[in-house]
2 protein chains.
Amino acid sequence: MKSKREIIKDCAARLFRKKGYKATSMRDIAQEVGMEAASLYNHISSKQEIFQELLLNMARLFTEGMEEIDGSSHKSIIKLEKLISMHVRFAIEHTDSISLITNEWVHLDEEPLREFTSLRDQYEKQFENIIKQCIEDGDFSPVDPEIALFSILSTLRWLYSWYSKQKNINPVELEKEMIHCLVDGLRNK
Amino acid sequence: MKSKREIIKDCAARLFRKKGYKATSMRDIAQEVGMEAASLYNHISSKQEIFQELLLNMARLFTEGMEEIDGSSHKSIIKLEKLISMHVRFAIEHTDSISLITNEWVHLDEEPLREFTSLRDQYEKQFENIIKQCIEDGDFSPVDPEIALFSILSTLRWLYSWYSKQKNINPVELEKEMIHCLVDGLRNK
DNA sequence: ACAAATAACTAACAACTGTTAGTTTAAGAA
DNA sequence: TTCTTAAACTAACAGTTGTTAGTTATTTGT
């Protein structure tokens with residue numbers, strides 16, 4: 001059974017997503033949970049704290065996933081497909097906290113912000129290297145890797161918002177179409 | 001010469017982009033402009049007002065552009081290229097207010113929010129139709145038009161954030177690469 | 001130069017923010 | 001039962017928010 005702390009974090013994530021971090025008050029969260037704002041502090045120690053946890057947990061999930069995929073011995077183009085599949089999975093499993101990564105990270109306090117951007121930069125760098133490798137392998141036509149990275153990443157980052165609008169879409173099907181759309185376009189013919 | 005009202009709107013846009021609508025106070029804006037918060041009200045009538053103007057002006061620019069392109073007699077695939085070129089141009093010319101369209105529109109009051117989402121939905125519908133037409137024309141392979149739309153649009157919507165990070169990129173070059181990345185991938189081989 | 005209008009200022013408002021202190025209730029162990 | 005602990009409550013804090021009122025300074029047209 002879920003701890004109260006986690007219930008609070010879930011509610012907060014949902015509200016942060018819907019109204020944004022700044023526009024969500026502790027009283028809003030309290031109401032959603034079903035208690036008074038002050039009572040929240042029996043379980044958490046600040047608004048920033050849960051926000052940081054939501055964001056950095058998610059960022060670390062991505063980092064771990066990347067580490068595992070990039071560390072594998074697959075061909076780069078397979079790594080890329082696995083990355084896409086991971087993004088699709090996360091977008092479905094963690095719709096709320098994933099939205100914070102794309103939109104709300106600016107509201108992190110100084111130190112966690114540094115950690116976050118560092119994780120993020122590292123992630124992007126590894127992602128770009130995989131794309132470069134795809135080109136060197138001759139699997140991709142010689143596109144600008146930075147632009148390809150940007151194009152792929154922005155699509156993947158908005159997945160969550162789009163997925164929650166579509167009702168009748170099969171996750172497996174979505175993943176397949178996604179790979180088709182993002183990878184096959186760059187393929188060498 | 002720029003009116004004070006427009007200076008205020010420019011500063012506001014810059015701050016809204018950097019810190020978000022809710023996190024930007026009238027005192028923040030005032031400081032940026034170089035006057036007291038109360039003095040702003042000699043030129044504007046509320047925080048929401050300038051926010052709405054920034055957002056809806058931008059939305060209307062897109063609608064007009066779409067109307068012009070879609071109303072032309074070009075082949076659909078040419079229309080698509082023109083749309084991409086428009087997005088690139090806007091992302092460069094209006095970096096600040098364009099960011100609001102992707103991120104901050106949630107903070108619109110009820111009625112302008114309705115207008116905004118209506119414009120947006122209409123825009124997306126026309127965009128999707130052009131993609132469908134590309135498929136019917138045989139210029140695109142038979143992808144899921146909804147997924148293609150989503151993929152292209154999310155890339156185009158994040159252009160601004162990415163463009164402001166890159167220093168040494170030629171707009172013309174960017175546009176060419178963009179079209180290559182987004183369109184050529186879907187092309188029938 | 002003088003009147004009128006424009007745009008800056010200071011001070012203050014009511015509402016709301018995150019958070020703390022202190023108190024009461026409920027639950028579990030002895 | 002009684003003692004202890006966890007978790008809810010109410011009340012209030014100090015700071016910030018958007019905005020208004022009232023006043024002073026500056027610019028403009030005659």
Side-chain angles (χ1 to χ4, degrees), chain A residues 1-56 96-97 100 103-113, chain B residues 1-56 96-97 100 103-113:
Chain A
M1 186 216 173
K2 258 184 187 164
S3 74
K4 204 121 237 184
R5 186 170 222 274
E6 269 172 299
I7 294 175
I8 293 173
K9 279 172 68 178
D10 285 352
C11 290
R14 197 164 45 245
L15 288 173
F16 289 162
R17 177 191 180 180
K18 195 167 83 182
K19 331 205 307 171
Y21 175 72
K22 274 283 175 178
T24 302
S25 74
M26 295 306 281
R27 283 151 182 95
D28 290 335
I29 299 174
Q31 192 177 37
E32 191 89 351
V33 177
M35 55 169 83
E36 290 301 313
S39 311
L40 295 172
Y41 289 83
N42 285 316
H43 308 278
I44 64 160
S45 69
S46 76
K47 188 188 179 187
Q48 256 287 317
E49 185 206 34
I50 44 175
F51 182 57
Q52 289 175 18
E53 264 188 42
L54 287 169
L55 252 166
L56 287 173
D96 291 326
S97 38
L100 307 182
N103 283 317
E104 299 293 320
W105 57 272
V106 257
H107 299 111
L108 281 172
D109 283 351
E110 198 171 358
E111 180 243 322
L113 179 63
Chain B
M1 187 211 170
K2 257 182 188 163
S3 75
K4 204 120 237 182
R5 186 168 222 274
E6 270 172 300
I7 295 176
I8 293 172
K9 280 174 65 179
D10 286 351
C11 289
R14 198 163 46 244
L15 288 172
F16 289 161
R17 176 191 180 179
K18 194 167 84 182
K19 332 205 306 172
Y21 174 72
K22 273 282 175 180
T24 303
S25 73
M26 295 305 281
R27 283 151 182 97
D28 291 336
I29 300 173
Q31 191 176 37
E32 191 89 351
V33 177
M35 56 168 83
E36 291 302 314
S39 311
L40 295 172
Y41 290 83
N42 285 316
H43 307 279
I44 63 160
S45 68
S46 76
K47 189 188 180 187
Q48 256 287 318
E49 185 207 35
I50 44 175
F51 182 57
Q52 289 174 18
E53 263 188 43
L54 288 168
L55 253 166
L56 287 173
D96 291 327
S97 36
L100 308 182
N103 285 315
E104 299 293 321
W105 56 271
V106 256
H107 300 110
L108 280 172
D109 283 351
E110 199 172 358
E111 180 242 323
L113 179 63

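Only this structure's heavy atoms are used, side chains among them; waters, hydrogens and symmetry mates stay out. Lettering of chains follows the sequences in order, A, B, ..., and the numbering in each one begins at 1.
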N/O donor-acceptor pair, side chain A:Asn42 with base D:dA6, under 3.5 angstrom: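 Side chain to base: no pair below 3.5 Å.
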Within the 3.5 Å criterion, strictly below it, is a donor on A:Asp28 or A:Ser25 matched to an acceptor on the partner's side chain?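 Yes, side-chain donor-acceptor contact under 3.5 Å.
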Of the listed nucleotides ([options]), which one gets closest to any side-chain atom of [X]?
X	options	value
A:Ala38	C:dC9, D:dT10, C:dG18	D:dT10
A:Lys47	D:dC9, C:dT19, D:dA8	C:dT19
B:Arg27	D:dT19, C:dT17, D:dA8	D:dT19
A:Glu36	D:dC9, C:dG18, D:dT19	D:dC9

Think A:His43 has a side-chain N or O under 4.0 angstrom from the OP1 or OP2 of D:dA6?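 No, outside the criterion.
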So, is A:Ser39 near the phosphate of D:dC9, with a side-chain N or O under 4.0 Å from OP1 or OP2?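 Result: yes.
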Measure from NZ or CZ of B:Lys22 to the centre of the six-membered ring of B:Phe16 and say whether it is under 6.0 Å with the direction within 45° of the ring axis.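 Judged by the rule (NZ or CZ under 6.0 Å from the ring centre, within 45° of its axis), B:Lys22 is not positioned above B:Phe16.
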In whole angstroms, how far is the [atom2] atom of [N] from the [atom1] atom of [X]?
X	N	atom1	atom2	result
B:Leu40	C:dT6	CG	C1'	15 Å
A:Leu15	C:dG18	CG	P	12 Å
A:Lys22	C:dG18	NZ	C1'	10 Å
B:Ile29	D:dT17	CD1	P	11 Å
B:Asp28	D:dT17	CG	P	6 Å
B:Arg5	C:dA7	CZ	C1'	15 Å
B:Met35	D:dA25	CE	P	18 Å
B:Tyr41	D:dA21	OH	P	13 Å

Which is true for B:Ser25 with a 4.0 Å heavy-atom rule: it touches a base, it touches only sugar-phosphate, or it touches nothing?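 B:Ser25: backbone/sugar contact only, no base atoms under 4.0 Å.
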Report which part of the nucleic acid B:Ser45 touches: base, sugar-phosphate, or nothing (heavy-atom distance under 4.0 Å, all strands).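 Nothing, no heavy atom under 4.0 Å.
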Scan B:Gln31, B:Glu36, B:Met35 and name whichever one has a side-chain contact (heavy atoms from CB on, under 4.5 Å) with B:Val33.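 Only one option passes, and that is B:Met35.
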Would you say the side-chain atoms of B:Arg5 pair up with the backbone N or O of B:His43, donor to acceptor, closer than 3.5 Å?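 Judged by distance alone, yes, a pair lies under 3.5 Å.
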Side chain of A:Glu53, backbone of A:Glu49: donor and acceptor closer than 3.5 Å?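 Answer holds: no.
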